[in-house]
Amino acid sequence: MKELKIEAIMNGTAIDHITAGTALKVLGILNVDPGATISLAMNVSSKKYGKKDILKIENMELNKKDVNRIALIAPRATMNIIRDGEIVKKFNVELPETISGIVRCVNPGCISNVQNEPVERTFYVIDKKTPVLKCKYCGREMKEFLEYLI
């Protein structure tokens with residue numbers, strides 16, 4: 001079997017264990033500088049999951065909202081923050097008990113979707129592994145998020 005090598009980055013973020021076939025979706029939800037150096041590997045071998053995707057972004061560290069967006073699309077992903085060629089922080093993505101400001105409700109009649117209403121879009125995380133969200137205002141459950149991310 002041939003070994004796959006992806007060049008190391010000096011500074012930035014490496015996202016590993018992305019659900020196979022979804023790295024382009026993860027990349028699409030991030031506000032990456034068009035001139036950034038990006039390494040992307042899809043459907044590579046994984047001892048733990050069989051197949052996985054990997055994404056490396058040079059000179060970009062993700063904020064909490066970005067990490068939560070990734071957790072909705074790739075709940076098994078691991079993050080590596082790299083500075084001066086060394087991993088300085090490594091963690092698994094995990095959704096908090098509630099999330100605000102990153103998803104809009106699937107229910108078009110929800111008060112959180114009405115313009116000029118002073119409510120922040122907030123969801124309870126009722127399943128972190130699958131994941132499943134429940135709107136704080138209308139109670140609608142959501143399992144698909146890509147088209148509802150804000």
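Bear in mind that the values here come from a model prediction, so they are computed numbers and not experimental data. Along the sequence shown, the residues carry numbers beginning at 1.
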Asker: Show me the side-chain donor-acceptor pairs of residues 21-41 shorter than 3.5 Å, one per line, residues at least two apart or across chains.
Answerer:
{"unit_1": "Thr22", "atom_1": "OG1", "unit_2": "Thr19", "atom_2": "O", "d": "2.6"}
{"unit_1": "Asp33", "atom_1": "OD1", "unit_2": "Gly35", "atom_2": "N", "d": "2.6"}

Asker: With sequence neighbours excluded, give me every side-chain hydrogen bond (donor to acceptor under 3.5 Å, both in side chains) pair touching residues 94-103.
Answerer: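 As it turns out, the side-chain hydrogen bond (donor to acceptor under 3.5 Å, both in side chains) pairs with a partner in residues 94-103, which skip direct neighbours, are Glu94-Lys128, Glu97-Lys128, Ser100-Thr122.
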Asker: Does any non-hydrogen side-chain atom of Arg104 lie less than 4.5 Å from one of Ser112?
Answerer: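 The answer is no; the side chains never approach within 4.5 Å.
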Asker: Between Leu55 and Ile18, is there a side-chain heavy-atom distance shorter than 4.5 Å?
Answerer: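 With C-beta onward as the side chain, the pair touches.
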Asker: So with a 6.0 Å cut-off around CG of Leu146, is the heavy-atom count from everything else above 12?
Answerer: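 Count over threshold, so yes.
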Asker: Kindly compute the distance separating NZ (Lys89) from CZ (Arg83), expressed to the nearest 0.5 Å.
Answerer: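 Going from NZ on Lys89 over to CZ on Arg83, the span is 8.5 Å.
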Asker: Would you check if the side chain of Glu61 reaches a backbone N or O of Ile81 as a donor-acceptor pair within less than 3.5 Å?
Answerer: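 No: the side chain of Glu61 does not pair with the backbone of Ile81.
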Asker: Passes side chain to side chain contact (heavy atoms under 4.5 Å, CB included), Lys52 versus Val44? Steps please.
Answerer: CA-CA 5 Å; Lys52 68 178 181 178; Val44 297; 3.7 Å; yes
Asker: Are Leu72 and Ile150 in one and the same hydrophobic cluster, where Ile, Leu, Val, Met, Phe, Trp and Tyr link if side-chain heavy atoms are under 4.5 Å apart?
Answerer: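 Result: no, two separate clusters.
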Asker: If you take all heavy atoms of Ala74 and Val93, which pair is closest and at what distance?
Answerer: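 Heavy-atom minimum between the residues: O-CG2, 3.6 Å.
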Asker: Knowing that exactly one of Leu62, Ile99, Leu149 qualifies, which makes a side chain to side chain contact (heavy atoms under 4.5 Å, CB included) with Arg69?
Answerer: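 The single option meeting the side chain to side chain contact (heavy atoms under 4.5 Å, CB included) with Arg69 is Leu149.
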Asker: So Met79 and Lys90, do their side chains get closer than 4.5 Å, heavy atoms only?
Answerer: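 Counting from C-beta outward, Lys90 and Met79 never come under 4.5 Å.
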Asker: Is the shortest heavy-atom distance from the side chain of Phe145 to the side chain of Ile73 under 4.5 Å?
Answerer: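 Answer no - side chains too far apart.
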Asker: Using side-chain heavy atoms (C-beta onward) and a distance below 4.5 Å, is Ser46 in contact with Lys51?
Answerer: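 They are not in contact (no side-chain heavy atoms under 4.5 Å apart), so the answer is no.
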Asker: Got a second to check how far Asn107's CG is from Cys135's SG, nearest 0.5 Å?
Answerer: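 Between atom CG of Asn107 and atom SG of Cys135 there are 7.5 Å.
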Asker: Are any non-hydrogen side-chain atoms of Asn113 and Arg121 less than 4.5 angstrom apart?
Answerer: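 With C-beta onward as the side chain, the pair touches.
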Asker: Can you tell me if Asp53 uses its side chain to pair, donor with acceptor, with the backbone of Asp16 under 3.5 Å?
Answerer: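 It does not hold such a pair.
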Asker: At their closest point, which heavy atom of Phe91 faces which heavy atom of Val67, and how far apart are they?
Answerer: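 The pair with the smallest heavy-atom distance is CE1-CG1, 4.0 Å.
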Asker: So, taking the atom named CG in Asn59 and the one named CD1 in Ile82, what distance separates them when rounded to the nearest 0.5 Å?
Answerer: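 Answer rounded to 0.5 Å: 11.0 Å.
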Asker: Is there side-chain contact between Thr13 and Asn80, with heavy atoms separated by less than 4.5 Å?
Answerer: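 No, side chains not in contact.
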Asker: Going from CG on Asn11 to CD on Glu86, what distance comes out if it is rounded to the nearest 0.5 angstrom?
Answerer: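 If I round to the nearest 0.5 Å, the distance is 11.0 Å.
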Asker: Is there a side chain to side chain contact (heavy atoms under 4.5 Å, CB included) between Tyr137 and Val119? Walk through the geometry before answering.
Answerer: CA-CA 9 Å; Tyr137 301 102; Val119 296; 3.7 Å; yes
Asker: So which atom in Met142 and which in Phe123 form the shortest heavy-atom distance, rounded to 0.1 Å?
Answerer: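 Shortest heavy-atom contact: SD-CE2, 3.6 Å.
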Asker: Nearest 0.5 Å please: distance from the NE2 atom of His17 over to the CZ atom of Arg76.
Answerer: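 Rounded to the nearest 0.5 Å, the NE2-CZ separation comes to 9.0 Å.
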Asker: Taking all atoms of both residues into account, what is the closest heavy-atom pair of Lys129 and Pro75, and its distance?
Answerer: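 It is O-CG, 3.4 Å.
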Asker: In this structure, would Met60 and Ile9 fall into the same cluster of hydrophobic residues linked by side-chain contacts under 4.5 Å?
Answerer: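 No, separate clusters.
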Asker: Identify the two heavy atoms, one from Ala20 and one from Asn43, that lie closest to each other, and give their separation to 0.1 Å.
Answerer: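 For Ala20 and Asn43, the tightest heavy-atom pair comes out as CB-OD1, 3.4 Å.
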Asker: Write down the atom of Asn68, the atom of Pro96, and the distance for their closest heavy-atom approach.
Answerer: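 Closest approach of Asn68 to Pro96: OD1-CD, 3.5 Å.
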Asker: Distance from Lys56 atom NZ to Glu58 atom CD, nearest 0.5 Å?
Answerer: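 It comes to 10.0 Å.
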